[in-house]
Amino acid sequence: MDLLQTYADKSDGEDQSHQPSTSSPDSSPPRLIPSKSAAPKVDDTMLALTVAKAHQSHSKPIDPSQHVVSFNPTYDQLWAPIYGPAHPYAKDGIAQGMRNHKLGFVEDAAIESFVFDEQYNTFHKYGYAADPSGNNYIGDLDALQKNDAISVYNIPQHEQKKRKIEKMKDVEMEDEVVGGEHEVDPTEIDNPASDVWLMKNKKSPWAGKKEGVQTELTEEQKKYAEEYAKKKEEKGHSGEKGEHLVDKTTFHGKEERDYQGRSWIAPPKDAKATNDHCYIPKRLIHTWSGHTKGVSAIRFFPKYGHLILSAGMDTKVKIWDVFNSGKCMRTYMGHSKAVRDISFCNDGTKFLTAGYDKNIKYWDTETGQVISTFSTGKIPYVVKLNPDEDKQNILLAGMSDKKIVQWDINTGQTTQEYDQHLGAVNTITFVDNNRRFVTSSDDKSLRVWEFGIPIVIKYISEPHMHSMPAISLHPNTNWLAAQSLDNQILIYSTRERFQLNKKKRFAGHIVAGYACQVNFSPDGRFVMSGDGEGKCWFWDWKSCKVFRTLKCHEGVCIGCEWHPLEQSKVATCGWDGLIKYW
């Protein structure tokens, strides 16, 4: 009943609230019953703390010393400046490790150098600049309003117009002075104070000062000019081109022509191959000694082999008799430094020499005269004539400046440059009926060229390849033997693809660091090579097995040549200055 009474009172109270209160002061106040919940009582203190903590962690910056972040921080947190308790020993509270400037910690600002320059120059000119950290300006705000917030690089439109008009006025005035000279008052032209005079005598600041026409040279000046020209000429000769030396030759034989009038270089009439089968030499037949320093290369006389040419490090080139007396026939002296390479022409009447004095010389074998000299001012490492009978006037030279230079001997002109190698060129070998040639270089690659066209048609370079300082062609012209500096001889095909023949590999000798020549027997059955310990090695072509080794020289055995006619005889040369015939 009490509850109903309460509800009734409440409803009455609501009705009366719209009217002025007329209740008596004696009426009792209404009683309010507290609301009750059926859910069990739960302690939510921990929940409140967790929410507060999460809210706090999402707003505070990350501690740089902690290694793990247990939540996904916001961008603002990541980029917030570092706060933290003041460091006890630092005046400004920043730990030593956090400093990168004597005044504390300076953050990097991502700002383009152009933008920085613009604001810097604007501030120095106008007194205000954009604040990089916000969208407001700092500095002289009155000047900012006055100039409409322009920077030094933004010239306003009206300013540009003004400048254009001024420029046009200047041009018009110039035209008036130049075009209408007859109308101008002559007194004004002579008066330096007038604009007309200024326009007429205006000179660009870098116009040269011509004091007057050069008069005749005095005697002293002439003398000085001559001396200077002479000095320059001498300097040019020694620096740019090869060093010049007077060419000399000495004949050591009995007579240059025999009783029948035949030249000393004429081959014997009865010289022909004894048999088609080659055998490996066993014993020493003859030793030629005459070079005072090491011998760098030997070449037999083409087709007959009755003479042998040698290039010495004592700057001399000598030719020796093989069949009869076994003596030195002629010495050719024309280089001022060691001779690097020699090469006969097809008939043996002429030969080329390349020296470290940067000269290539073309000699007459019989008389010892120098026919011509070529030089590019770089050291030639290899010289070759084109083996074609109709192209015996074309000379190729591999140079130390990575180029292969082609000369026409008749005219003395450079006709072509093959410039693709990345290191000094070591060898030039003609293949494919002399239509192509293969070059090797210090850049550890082989390049194949079409003769006369300076574009590589095949480039062979593998990570496992070493430099190949000596290459020789097999007598059947299908294979190339390349002396690789990792102590092996590699065989490449000369067909279209120039593939490495992986089945044929000749090893056992030590050539690392030396350009030991590799060669074949005339019937192609044997491969031979010198090595760094003075030995000469012979391998069987088919089985790739070592057939024989001969101890030939003290020091390096650098060159070896198989005699073209006497099938079982071999010549070797070494750095001990000897040439031996086996």
Side-chain angles (χ1 to χ4, degrees), residues 58-64 72-84 86-87 90-181 183-185 187-209:
H58 280 294
S59 59
K60 75 170 181 186
I62 292 166
D63 177 14
N72 285 344
T74 62
Y75 177 85
D76 294 335
Q77 273 173 284
L78 284 171
W79 290 99
I82 297 168
Y83 297 121
H87 198 271
K91 288 177 192 169
D92 48 6
I94 297 174
Q96 192 59 41
M98 292 297 174
R99 285 169 184 279
N100 60 6
H101 188 267
K102 60 177 182 285
L103 298 178
F105 180 79
V106 178
E107 284 188 10
D108 286 340
I111 183 164
E112 291 287 327
S113 57
F114 170 79
V115 177
F116 177 82
D117 287 347
E118 183 182 27
Q119 295 305 330
Y120 178 83
N121 293 328
T122 305
F123 188 81
H124 278 275
K125 186 173 181 186
Y126 297 126
Y128 58 84
D131 183 356
S133 59
N135 293 331
N136 53 336
Y137 281 82
I138 52 168
D140 187 352
L141 298 180
D142 297 339
L144 176 78
Q145 282 179 338
K146 184 179 160 194
N147 290 326
D148 203 14
I150 60 160
S151 75
V152 283
Y153 296 153
N154 308 356
I155 301 168
Q157 205 72 29
H158 63 270
E159 190 83 15
Q160 281 178 355
K161 224 177 211 172
K162 203 160 49 176
R163 287 187 187 185
K164 220 181 253 176
I165 292 164
E166 278 173 16
K167 212 174 193 177
M168 280 166 72
K169 271 185 188 167
D170 283 356
V171 172
E172 280 170 19
M173 192 161 182
E174 236 173 90
D175 289 349
E176 275 174 28
V177 171
V178 175
E181 272 183 351
E183 299 165 16
V184 178
D185 186 5
T187 53
E188 277 202 357
I189 290 176
D190 299 334
N191 181 11
S194 66
D195 288 342
V196 180
W197 185 91
L198 278 174
M199 293 309 295
K200 184 118 172 95
N201 293 288
K202 193 161 78 170
K203 214 181 194 186
S204 73
W206 46 84
K209 289 187 176 126

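Everything numeric in this text was worked out from a predicted model, so none of it was measured. Just so it is clear, the values below take in all heavy atoms, side chains as well, and ignore hydrogens, waters and symmetry mates.
Residue Ile165 is tested with Met168, Lys162, Lys169 for a side-chain contact (heavy atoms from CB on, under 4.5 Å); the sole match is Lys169.
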Would you tabulate the side-chain donor-acceptor contacts of residues 116-125 under 3.5 Å, counting partners in other chains and residues two or more places apart, or write 'none'?
| residue | atom | partner | partner atom | Å |
| --- | --- | --- | --- | --- |
| Glu118 | OE2 | Ser151 | OG | 2.6 |
| Gln119 | OE1 | Ala130 | N | 2.9 |
| Asn121 | ND2 | Asp117 | O | 3.1 |
| Asn121 | ND2 | Tyr153 | OH | 3.3 |
| Thr122 | OG1 | Glu118 | O | 2.5 |
| Thr122 | OG1 | Val152 | N | 3.2 |

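Atom CG of residue Asp131 and atom CD1 of residue Ile138 lie 5.5 Å apart, to the nearest 0.5 angstrom.
Among residues two or more places apart in sequence or in another chain, the ring pair (Phe, Tyr, Trp, His ring centres under 6.0 Å) test is passed with Tyr126 by Tyr128.
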